[in-house]
Amino acid sequence: AIGNLLSQPQPSPSPSPIPQPNDSTIEQPSGIIIYTDGSCNGNGKADATGGWAYVLTNGVHQHRKSGQEEAATSNRMELQAAIEGLLAVEDKSQQVTLFTDSKYLQNGANEWMDDWKNRGWKTKAKKPVQNLDLWRNLDNELSLFTHRPIIKWVRSHNGNPMNELADRLAESGCRGMLVDEVDIVG
């Protein structure tokens, strides 16, 4: 996790260029920046395999991590990616901006979740919220921060190098090629 990176030995930077938040194509909020993505092969089928990924940076270090889940859906993987990215932030007093290409995640976290909670985790139609376990985990993780993380939407496959990297890592996660690495970027 980024909080203790300065005291840990770091791997040498990889030979391929590492997308950085100071790239002119990327919005530049202050604090910690997280790009997340989820992917699912066979979405909607009982044997679907999903992958999730995040790319977290504090401007000096970049942490890339992916994972794989069985019996997954795309929406579950988008949520899991955000949860994992937020879990990786050790200093919860830092301002965090999380970028996602999932309107489901962005709208759920920013617009719907408080109403769901007020209705006992029910939708306006009084039906149970789908993926409730993950929404509760996300709600809990968000509540641990001094300043609630900002969750912003970014268009997918639109040339944003950080989003494209998260997408590639999530796709690879679906296939079981998992990543957990840190590089110096600044």
Side-chain angles (χ1 to χ4, degrees), residues 1-8 10 20-21 26-39 50-69 72-123 128-154 162-163 165-167 169-170 173 178-183 185-186:
I2 288 289
N4 290 329
L5 290 178
L6 295 176
S7 63
Q8 298 174 1
Q10 300 298 316
Q20 299 181 41
I26 299 176
E27 191 172 338
Q28 298 179 39
S30 61
I32 294 174
I33 300 167
I34 308 172
Y35 277 80
T36 65
D37 206 0
S39 180
W52 56 263
Y54 67 80
V55 181
L56 184 151
T57 186
N58 63 1
V60 177
H61 298 96
Q62 185 181 92
H63 184 190
R64 297 175 299 280
K65 186 170 182 177
S66 62
Q68 183 182 50
E69 305 277 335
T73 66
S74 292
N75 284 340
R76 288 186 67 79
M77 294 301 89
E78 295 286 355
L79 287 165
Q80 190 65 44
I83 293 164
E84 296 289 342
L86 293 169
L87 281 167
V89 178
E90 291 182 356
D91 182 355
K92 304 293 188 193
S93 69
Q94 295 262 355
Q95 180 60 60
V96 173
T97 304
L98 185 145
F99 290 92
T100 177
D101 60 15
S102 167
K103 287 283 190 177
Y104 175 68
L105 170 58
Q106 181 215 18
N107 290 335
N110 292 337
E111 297 174 26
W112 306 331
M113 193 161 43
D114 286 339
D115 289 337
W116 290 340
K117 288 174 15 181
N118 289 336
R119 290 190 292 263
W121 290 100
K122 304 276 187 207
T123 66
V129 171
Q130 290 185 356
N131 303 310
L132 180 57
D133 58 328
L134 295 177
W135 282 113
R136 282 184 167 160
N137 288 347
L138 179 63
D139 182 47
N140 181 63
E141 196 56 35
L142 289 169
S143 75
L144 299 176
F145 286 83
T146 304
H147 310 283
R148 190 179 192 280
I150 298 164
I151 299 178
K152 292 188 173 188
W153 180 78
V154 61
M162 297 285 279
N163 180 255
L165 177 57
D167 178 72
L169 293 173
L178 306 181
V179 171
D180 188 358
E181 56 192 23
V182 175
D183 284 304
V185 295

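A quick note: this is a predicted structure, and the numbers were derived from the prediction, not measured.
- Residues E69 and W52 come closest through the heavy atom pair OE2-NE1, 3.7 Å.
- With rounding to the nearest 0.5 Å, the separation of OG in S39 from CD in Q68 is 11.0 Å.
- Residues forming a salt bridge (Lys or Arg N to Asp or Glu O under 4.0 Å) with K92 (at least two apart in sequence, or on another chain): E141.
- Results of the side chain to side chain contact (heavy atoms under 4.5 Å, CB included) test with Q80 over L134, N137, N75 single out L134 as the only residue that passes.
- When all heavy atoms of M77 and A72 are compared, the pair lying nearest together is CE-CB, 3.9 Å.
- Considering only heavy atoms from C-beta on, Q95 stays 4.5 Å or farther from I32 through its side chain.
- For the atom pair CD of E78 and OG1 of T73, the computed distance is 9.5 Å after rounding to the nearest 0.5 Å.
- Side-chain contact annotation: D101 with Y35, donor-acceptor N/O pair under 3.5 Å absent.
- Atoms CD1 and NZ, on I34 and K152 in that order, are 14.0 Å from each other to the nearest 0.5 Å.
- In this structure, the side chains of V154 and T100 stay at 4.5 Å or more apart for every pair of heavy atoms.
- Between W121 and D139 there is a side-chain heavy-atom pair separated by less than 4.5 Å.
- With rounding to the nearest 0.5 angstrom, the CZ atom of F99 is 13.0 Å from the CG atom of L105.
- In terms of heavy atoms, P128 sits closest to T123 at O-CG2, 4.3 Å.
- Checking side-chain atoms of N58 against main-chain N and O of H61 turns up a donor-acceptor pair under 3.5 Å.
- A donor-acceptor contact closer than 3.5 angstrom is absent between the side chains of D183 and H63.
- Counting heavy atoms from C-beta outward, M113 and L142 have side chains that approach closer than 4.5 Å.
- Within the 3.5 Å criterion, the main-chain N or O of N163 finds no donor-acceptor partner in the side chain of D167.
- Distance check, rounded to the nearest 0.5 Å: CG of D37 to OG of S102 gives 8.5 Å.
- Salt bridge status for D133 with R76: present, with a side-chain N to carboxylate O gap under 4.0 Å.
- You'll find the side chain of F145 reaches within 4.5 Å of the side chain of V96, heavy atoms only.
- Expressed to the nearest 0.5 Å, how far CG of L138 lies from CG of L86 amounts to 6.5 Å.
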Y104/W112 under side chain to side chain contact (heavy atoms under 4.5 Å, CB included): CA gap, chis, key distance, verdict: CA-CA 10 Å; Y104 175 68; W112 306 331; 4.3 Å; yes
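- Aromatic rings from W135 and W116 are positioned such that their centres are separated by under 6.0 Å.
- Looking at heavy atoms from C-beta onward, L169 lies out of side-chain contact with L178 at the 4.5 angstrom threshold.
- Side-chain contact between T57 and M162 is present, with at least one heavy-atom pair separated by less than 4.5 Å.
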